[in-house]
There are 2 protein chains.
Amino acid sequence: MTKARVLVIEDEEALRLALVDALRSEGFDVLEAADGERGLELALSEAPELVLLDLMLPKRDGFSVLRAIREDRLQSAVIVLSARGEEWDRIQGFEFGADDYVVKPFSTRELFGRMRAVLQRIEGKAPGLPVEAGKVTIGECVVDFSAYTFERKGARAGLSRKELELLRFLLDHEGQVLDRMRIQDAVWGRGNESTPRTVDMHVLKLRRKLEREPDHPRHILTVHGVGYRFSRTGEDARRS
Amino acid sequence: MTKARVLVIEDEEALRLALVDALRSEGFDVLEAADGERGLELALSEAPELVLLDLMLPKRDGFSVLRAIREDRLQSAVIVLSARGEEWDRIQGFEFGADDYVVKPFSTRELFGRMRAVLQRIEGKAPGLPVEAGKVTIGECVVDFSAYTFERKGARAGLSRKELELLRFLLDHEGQVLDRMRIQDAVWGRGNESTPRTVDMHVLKLRRKLEREPDHPRHILTVHGVGYRFSRTGEDARRS
DNA sequence: GCGGCGTTGACAACCCGGTGACAATCGCGC
DNA sequence: GCGCGATTGTCACCGGGTTGTCAACGCCGC
């Protein structure tokens, strides 16, 4: 991948500068815009590989920019940077159209992880692979993070917002053991008041939906006294 | 993980001293700085594993220090210590680029929790190295410390927390003869009440999992009348 | 109000660490 | 080489903490 071009559309000065710096030092070719109008202009004229798009913008909001980009049949991948909560319903209602989204506040690590995943997907799509943006296969299930759907053996099943966010987090940190606090911070947000047991509850629900045998989970594994560990391909829960 | 180095950049005397003390007694190798300039200097020259960074600093504020650190491609993890009260949105920009952040006032408990998480993440995921970090080969087995998992000739099994901690200690002190008390202090914590025999029990369990022939251990060797000795490559337990 | 979702408390099921008992082994003096 | 006490290996079991699961509640949008 030779120096991908990235467009940052973000009005908040400090964050934009930090993003631009970080991306440049990672070797990206960076464009920036502080409002929606200018952002759309640049997106259309420069056709960058990737757009980082804030939703709350002066002059033209993120949704409108995103729609315009998509209507123009632009190939750019779009990662939305949204503040927690508020926009969820709109995002979901709109079919979204973004390739991924990151909830503020986020870390460089997290953002780069998502960017890498998205770019890889885009790149891999060229040879005509049936890899569709945002779709991930887990055992006999398919999750589509850009359309917010979930199906198991072809049959459509619903995942709620929290379930989806939890699943996404697990997926992003596959293989690592994640303690409840860390999961809670990521999925529920910092400074959250709820019991760590809430995490268990949602793990339970997820297991019921995506495990073949919820009683013998092969994907969401519990590590006693520590937390949970996710495996996409599935593991035998063999004792020892 | 042997004695991680931590740099504390904090101008407020009392807090800095308290932090330094607490960290030292936790076994960290601690560096300290009372202003941003000195902090950056130390960060660049010493390249510690972890930096605890206050945002409001004399001479050079935390944001600037963080950017300088990142521009230097330093691998250090950074945890930002921010005061509550500043508007969240502005802080967001500052915190971007950090690996984690804690809001003042915080408890040492919370801080240590975050530090552990961050260090573990860093250790287990060097972005440049496709080589699986955080994994250690012992004879014909591979132990993955970040997944609490254990693999022997393709077959995977889990390790419990104590087993993992014991194994980690043995690994860190390979070749040395360790008496039970030393092991107990390290793994179970000082001032622990349990019988020295508890150590034996866990050695037994570990042997069963990682030795090819648990009856003739090649890695966890017993030194009669003294304690145990660990060998990563494996030794013949042949008598003479 | 109804239904879905998120959360909580309660309780059951389970796992793991630790213990005591006993067998096996070792070291040492003979 | 033998025997004995000390040390270590091993087993079964218990108790406490952790996790799984259910039912109920509050909240919100319809």
Side-chain angles (χ1 to χ4, degrees), chain A residues 84-90 92-93 148 150 157-167 169 177-181 183-184 187-189 192-211 213-229 237-240, chain B residues 148 150 157-167 169 177-181 183-184 187-189 191-211 213-229 237-240:
Chain A
R84 182 171 298 282
E86 286 310 307
E87 291 98 347
W88 173 266
D89 299 324
R90 297 181 63 192
Q92 198 164 221
Y148 295 94
F150 173 84
L159 274 194
S160 73
R161 168 186 165 179
K162 276 277 182 302
E163 287 163 356
L164 208 57
E165 285 189 15
L166 172 57
L167 180 54
F169 181 71
V177 172
L178 304 162
D179 60 89
R180 289 177 174 65
M181 198 175 73
I183 296 175
Q184 219 174 350
V187 179
W188 276 261
N192 180 276
E193 301 296 311
S194 56
T195 312
R197 299 309 310 284
T198 303
V199 177
D200 297 16
M201 189 68 240
H202 284 269
V203 166
L204 173 67
K205 289 178 174 178
L206 261 188
R207 276 179 176 159
R208 283 216 262 251
K209 292 190 180 175
L210 69 77
E211 297 280 0
E213 310 169 86
D215 292 342
H216 305 286
R218 295 163 47 84
H219 297 289
I220 308 181
L221 307 157
T222 123
V223 181
H224 197 97
V226 190
Y228 295 99
R229 182 165 60 86
R238 86 172 74 250
R239 312 254 142 272
S240 41
Chain B
Y148 283 72
F150 170 91
L159 282 181
S160 77
R161 183 162 44 172
K162 274 280 182 296
E163 287 164 357
L164 193 94
E165 281 168 14
L166 173 56
L167 181 54
F169 180 73
V177 175
L178 305 160
D179 61 272
R180 288 180 174 64
M181 190 143 56
I183 296 175
Q184 217 173 354
V187 179
W188 276 261
N192 180 278
E193 298 296 311
S194 54
T195 312
R197 300 309 311 286
T198 302
V199 177
D200 298 15
M201 188 69 240
H202 284 269
V203 166
L204 172 67
K205 287 181 175 178
L206 263 188
R207 276 180 177 158
R208 283 217 263 251
K209 289 191 179 176
L210 69 77
E211 297 282 359
E213 310 168 87
D215 293 342
H216 304 286
R218 295 160 48 84
H219 298 288
I220 307 181
L221 308 157
T222 121
V223 181
H224 198 95
V226 191
Y228 297 97
R229 183 166 59 85
R238 84 175 69 253
R239 336 243 149 278
S240 49

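Note that the coordinates shown come from a computational prediction; the quantities given were computed from them, not determined experimentally. Residue numbers start from 1 in every chain, and the chains themselves are labelled A, B, ... in the order their sequence lines are given, proteins ahead of strands.
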Heteroatom pairs (N/O) under 3.5 angstrom, protein to nucleotides 28-30 of chain C:
none

All N/O contacts under 3.5 Å from nucleotides 18-23 of chain D to the protein, with atom names and distances to one decimal?
from: D/dT18; atom 1: O3'; to: A/Gly225; atom 2: N; distance (Å): 3.4
from: D/dT19; atom 1: OP1; to: A/Arg180; atom 2: NH1; distance (Å): 3.3
from: D/dT19; atom 1: OP1; to: A/Gly225; atom 2: N; distance (Å): 3.1
from: D/dT19; atom 1: OP2; to: A/Arg180; atom 2: NH1; distance (Å): 3.3
from: D/dT19; atom 1: OP2; to: A/Arg180; atom 2: NH2; distance (Å): 3.4
from: D/dT19; atom 1: O5'; to: A/Arg180; atom 2: NH2; distance (Å): 3.4
from: D/dG20; atom 1: OP1; to: A/Arg207; atom 2: NH1; distance (Å): 2.7
from: D/dG20; atom 1: OP2; to: A/Tyr228; atom 2: OH; distance (Å): 2.7
from: D/dG20; atom 1: N7; to: A/Arg197; atom 2: NH2; distance (Å): 2.7
from: D/dG20; atom 1: O6; to: A/Arg197; atom 2: NH1; distance (Å): 3.3
from: D/dG20; atom 1: O6; to: A/Arg197; atom 2: NH2; distance (Å): 3.3
from: D/dT21; atom 1: OP1; to: A/Asp215; atom 2: OD1; distance (Å): 3.4
from: D/dC22; atom 1: OP2; to: A/Arg208; atom 2: NH1; distance (Å): 2.8
from: D/dC22; atom 1: OP2; to: A/Arg208; atom 2: NH2; distance (Å): 3.4

- Message: Pair A/Trp188, A/His202 - check side-chain contact (heavy atoms from CB on, under 4.5 Å), show working.
- Response: CA-CA 12 Å; A/Trp188 276 261; A/His202 284 269; 3.6 Å; yes

- Message: Apply side-chain contact (heavy atoms from CB on, under 4.5 Å) to residues A/Leu178 and A/Arg229 and explain how you reach the verdict.
- Response: CA-CA 6 Å; A/Leu178 304 162; A/Arg229 182 165 60 86; over 6 Å; no

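Residues A/Leu166 and A/Val203 share a closest heavy-atom pair of CD2-N, 4.0 Å. Nearest heavy atoms, A/Val187 versus A/Phe169: CG2-CB, 3.9 Å. Nearest heavy atoms, B/Leu164 versus B/Tyr148: CD2-CE2, 3.6 Å.
The pair A/Asp200-A/Arg180 counts as a salt bridge, with a side-chain nitrogen and a carboxylate oxygen less than 4.0 angstrom apart. In this structure, B/Glu163 pairs ionically with B/Lys209, as a charged nitrogen and a carboxylate oxygen lie closer than 4.0 Å.
Under 4.0 angstrom from either OP1 or OP2 of C/dG6 there lies no side-chain N or O belonging to A/Ser194. Taking only side-chain nitrogens and oxygens, B/Trp188 comes nearer than 4.0 Å to OP1 or OP2 of C/dG18. Checking the phosphate oxygens (OP1, OP2) of C/dT7, a side-chain nitrogen or oxygen of A/His202 falls inside 4.0 Å. A close approach under 4.0 Å does not occur between any side-chain nitrogen or oxygen of A/Ser160 and OP1 or OP2 of C/dG4.
Rounded to the nearest 0.5 angstrom, A/Phe150 CZ and A/Leu206 CG are separated by 7.5 Å. Taken to the nearest 0.5 Å, the NE2 atom of A/His216 stands 11.0 Å off from the CD atom of A/Glu211.
Across its full length, the helix from C/dG1-D/dC30 to C/dC30-D/dG1 shows an angle of 30° between the axes of its 5 terminal pairs at either end, rounded to 10 degrees.
Rounded to whole Å, the distance from NZ on B/Lys205 to P on C/dC15 is 13 Å. Taking atom CD of residue B/Glu211 and atom P of nucleotide D/dT10, one finds them 11 Å apart after rounding to whole Å. Atom-to-atom, NZ of B/Lys209 to C1' of C/dG17 comes out at 12 Å; the value is rounded to the nearest Å. Residue B/Leu221 contributes atom CG, which lies 16 Å from atom C1' of C/dT25 at whole-angstrom precision. In this entry the distance linking NZ of B/Lys162 with P of D/dG16 reads 17 Å, nearest Å. Rounded to an integer number of Å, the gap from B/Glu163 CD to C/dG18 P is 11 Å.
B/Arg197 has its side chain out of reach of B/Met201: every pair of non-hydrogen atoms, C-beta onward, lies at least 4.5 Å apart.
A side-chain N or O of B/Gln184 and one of B/Ser194 form a donor-acceptor pair less than 3.5 Å apart.
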